[in-house]
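Computation of the quantities below employed the complete heavy-atom set of this structure, encompassing side-chain atoms and omitting hydrogens, waters and symmetry-equivalent molecules.
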Amino acid sequence: MRTLALLLLAACDDTIFPAPTHGGGGEVGEGYCGVQTIFASQCVACHSTGGRAGGLDLETSAHSALVGVSSALYPDRTLVVPGAPDASFLYAKVTGAAAASEGTPMPPSAGLSAEDAAVLRAWIADGASEACTDVIDPSDGHHPPGWEAPDVHGMAAKHQDQTCVMCHGPDLAGGDVGVSCDTCHEDGGPGTAWRTDCTFCHGGVDNLTGAPPEGISDETDAADTSFPVHTTHVQDTSFKSAFDCVQCHVKPTDVLSSGHVFLGDTTPGVADLSFVAGLSPAAEWERGTCSNLYCHGNGRSDNGSVSVDSTVRCGSCHAVQASGEDAWERLSAPHEDHLEEGVTCNECHGEVVSAGDVIAHPELHVNGSVSVRLPSGMTRASETCTGSCHGESHGGRRWEDD
């Protein structure tokens with residue numbers, strides 16, 4: 001990985017990455033050790049000492065917080081009943097087996113994977129002991145040979161082949177093994193601030209927004225990504241201002257944001273989509289096509305659709321003079337009448353488009369609102385036009401009137 005390579009300092013030698021004497025393939029493990037790994041990667045982001053979501057702290061002492069303890073929200077339910085996974089509320093919550101009246105699955109929306117759930121079930125069935133016989137001794141080494149290479153441990157971290165927070169702590173500042181990511185990766189300028197700069201792990205080739213290329217798997221050709229038009233969206237263009245990541249994603253504040261990569265990410269190596277904070281909250285993405293879009297619609301509702309290989313022009317989203325009557329009819333009521341009479345877009349939307357149908361102010365285009373500037377002598381108030389325009393008198397005529 002390009003940026004990781006720049007930051008692998010000489011200090012990262014075998015004292016930090018000792019030669020292994022046992023595996024390091026990223027398996028969760030068994031018993032309470034395995035359970036702790038799951039909690040660290042999937043649960044502690046919300047159920048921390050400071051957060052205590054649902055009244056549950058899995059950071060200080062998960063065992064004492066769970067075993068034989070009643071749920072803070074559902075007191076008639078015991079979180080972990082030793083020897084009885086099907087009677088344990090924790091197991092029901094993470095497998096989606098809890099009643100509808102008992103809240104949603106945990107982690108949110110999906111619960112645990114079948115593999116992780118099996119580790120939890122086996123631990124409870126075996127008596128839910130706090131004993132952890134598979135403790136990793138950092139002096140023995142854990143990682144495979146060559147782990148210190150950036151393209152090895154960097155890729156494994158991004159794809160969650162290893163549960164880094166298990167040993168290095170939920171803040172990756174050292175944890176039980178006392179080895180912090182900050183030892184080698186010191187925060188600096190763009191592309192080096194590993195905790196907060198998106199381009200440390202992805203992006204940074206076309207621009208510094210973090211949008212591909214480079215992708216999460218180090219691909220640097222836009223054609224190799226699932227969404228090759230990222231750059232068009234995140235930069236200013238001749239027809240719109242730059243969109244922020246929140247249009248299509250939940251934007252993390254740092255590398256340890258819940259659901260991002262190390263804590264609570266249930267889809268490693270995959271970019272999760274969320275349109276709810278953007279201009280097109282009803283949008284859907286399926287096999288290279290976005291639908292239910294405001295941003296590629298006619299400006300009136302979430303009615304647009306576009307594929308990643310489309311050539312987008314003005315008439316691709318909303319009608320223009322050259323579009324013809326069928327397209328004009330899909331605009332709000334009097335647009336068709338005006339366009340038939342040869343009225344240009346510029347005459348009423350001059351703030352946005354020039355007389356030559358060129359976007360004059362991109363920041364006013366595709367921004368969630370309609371900008372109207374009427375010709376001289378015309379006024380508009382409460383959706384009502386008054387005055388004379390294109391040779392016709394408008395005596396308080398409402399825009400939506402046919």
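Formation of a donor-acceptor pair under 3.5 Å by the H365 side chain with backbone atoms of F239 is found in this model. Panel note: side chain Q321, backbone V343; a donor-acceptor pair is recorded below 3.5 Å. Between the side chain of W123 and the backbone N or O of S129 there is at least one donor-acceptor pair closer than 3.5 Å. Judged by distance alone, with hydrogens and angles left aside, the side-chain atoms of T37 form a donor-acceptor pair with the main-chain N or O of C33 at under 3.5 Å. Proximity of a side-chain donor or acceptor of W328 to a complementary backbone N or O of V320 within less than 3.5 Å is detected. A donor-acceptor pair is defined here as one N or O able to donate and one able to accept, closer than 3.5 Å; no such pair exists between the side chain of E284 and the backbone of N292. Panel note: side chain H153, backbone W147; a donor-acceptor pair is recorded below 3.5 Å. A donor-acceptor contact shorter than 3.5 Å is absent between the side chain of S280 and the backbone of A282. Judged purely by atom type and a 3.5 angstrom limit, S310 has no side-chain atom pairing as donor or acceptor with the backbone of V306. K158 contributes a side-chain N or O that, together with a main-chain N or O of I216, makes up a donor-acceptor pair within less than 3.5 Å.
In the model, D182 has a side-chain atom that pairs as donor or acceptor with a side-chain atom of W194 under 3.5 Å. Side-chain polar atoms of N298 and N303 form a donor-acceptor pair below 3.5 angstrom.
H394 is not listed as a side-chain neighbour of T386, based on a closest heavy-atom distance of 4.5 Å or more. For the pair L66 and L58, the minimum side-chain heavy-atom distance is below 4.5 Å. H185 places a side-chain heavy atom less than 4.5 Å from the side chain of F200. Side-chain contact between L339 and L331: present, with at least one pair of heavy atoms (C-beta onward) separated by less than 4.5 Å. The closest side-chain heavy-atom distance from L79 to S88 is not below 4.5 Å. Side-chain contact between C345 and D357 is present, with at least one heavy-atom pair separated by less than 4.5 Å. The shortest distance between side-chain heavy atoms of V165 and L263 falls below 4.5 Å. Side-chain atoms of S258 and C46, non-hydrogen and from C-beta on, do get closer than 4.5 Å to each other.
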Only pairs under 3.5 Å count here: list side-chain donor-acceptor contacts from residues 50-57, not counting sequence neighbours, and write none if there are none.
{"unit_1": "R52", "atom_1": "NH2", "unit_2": "G55", "atom_2": "O", "d": "3.4"}
{"unit_1": "D57", "atom_1": "OD1", "unit_2": "T49", "atom_2": "N", "d": "3.3"}
{"unit_1": "D57", "atom_1": "OD1", "unit_2": "E59", "atom_2": "N", "d": "2.8"}
{"unit_1": "D57", "atom_1": "OD1", "unit_2": "T60", "atom_2": "N", "d": "3.2"}
{"unit_1": "D57", "atom_1": "OD2", "unit_2": "T60", "atom_2": "OG1", "d": "2.6"}

Atom pairs and distances, donor-acceptor, side-chain atoms in residues 373-380, under 3.5 Å, two or more places apart:
{"unit_1": "R373", "atom_1": "NH2", "unit_2": "G350", "atom_2": "O", "d": "3.3"}
{"unit_1": "R380", "atom_1": "NH2", "unit_2": "E383", "atom_2": "OE1", "d": "3.1"}
{"unit_1": "R380", "atom_1": "NH2", "unit_2": "E383", "atom_2": "OE2", "d": "3.3"}

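Identified under the ring-ring contact (aromatic ring centres under 6.0 Å, His included) test for residues 48-69, with sequence neighbours left out: Y32-H63. For the salt bridge (charged side-chain N to carboxylate O under 4.0 Å, His left out) condition, the pairs that include at least one residue of residues 242-261, sequence neighbours left out, are D244-K251. Within the structure, salt bridge (charged side-chain N to carboxylate O under 4.0 Å, His left out) pairs that include any residue of residues 39-50 do not occur (at least two apart or interchain). Counting only residues at least two apart or in different chains, salt bridge (charged side-chain N to carboxylate O under 4.0 Å, His left out) contacts with residues 67-92 comprise R77-E102, D86-R121.
Using bins of under 30°, 30° to 60° and over 60° for the plane-to-plane angle, the ring pair Y74/F89 lands in the perpendicular bin.
Geometrically, K240 engages F243 in a cation-pi contact, judged by NZ or CZ lying under 6.0 Å from the ring centre and within 45° of the ring axis.
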Checklist entry - Can V255 and T196 be said to form a side chain to side chain contact (heavy atoms under 4.5 Å, CB included), step by step? => result CA-CA 6 Å; V255 73; T196 56; over 6 Å; no

Checklist entry - Hey, mind stepping through V370 and H349 against side chain to side chain contact (heavy atoms under 4.5 Å, CB included) and telling me if it holds? => result CA-CA 9 Å; V370 178; H349 301 287; 4.0 Å; yes

Item to check | Working for side chain to side chain contact (heavy atoms under 4.5 Å, CB included), residues L120 and V94 | outcome: CA-CA 9 Å; L120 183 63; V94 300; 3.6 Å; yes

Item to check | Verdict with supporting geometry, V358 and V353, side chain to side chain contact (heavy atoms under 4.5 Å, CB included) | outcome: CA-CA 5 Å; V358 174; V353 61; 5.7 Å; no

Next on the checklist: Quick one, S217 with H159, criterion side chain to side chain donor-acceptor pair (under 3.5 Å). Give me CA distance, side-chain angles, the key distance, then yes/no.
Outcome noted: CA-CA 8 Å; S217 296; H159 286 197; 3.0 Å; yes

Next on the checklist: Please determine whether side chain to side chain donor-acceptor pair (under 3.5 Å) holds for the pair T344 and N346, giving the CA-CA distance in whole Å, both sets of side-chain angles, and the decisive distance to 0.1 Å.
Outcome noted: CA-CA 5 Å; T344 64; N346 167 262; 4.7 Å; no

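Residues satisfying the side-chain hydrogen bond (donor to acceptor under 3.5 Å, both in side chains) test with D309, not counting sequence neighbours, are S307. Annotation: side chain to side chain contact (heavy atoms under 4.5 Å, CB included) contacts of T267 (sequence neighbours excluded): D265, V270, D272. For H318, there are no ring-ring contact (aromatic ring centres under 6.0 Å, His included) partners, not counting sequence neighbours. For H233, the ring-ring contact (aromatic ring centres under 6.0 Å, His included) test picks out F227, with sequence neighbours left out. For H249, there are no ring-ring contact (aromatic ring centres under 6.0 Å, His included) partners, not counting sequence neighbours. Considering only residues two or more places apart in sequence or on other chains, F275 meets the ring-ring contact (aromatic ring centres under 6.0 Å, His included) condition with none of them.
Between A157 and V261, the shortest heavy-atom distance links the atoms O-CG2, 4.1 Å. Pairing each heavy atom of T232 with each of T237, the nearest pair is O-CG2, 3.6 Å. Shortest non-hydrogen contact noted between V179 and H168 is O-ND1, 2.7 Å.
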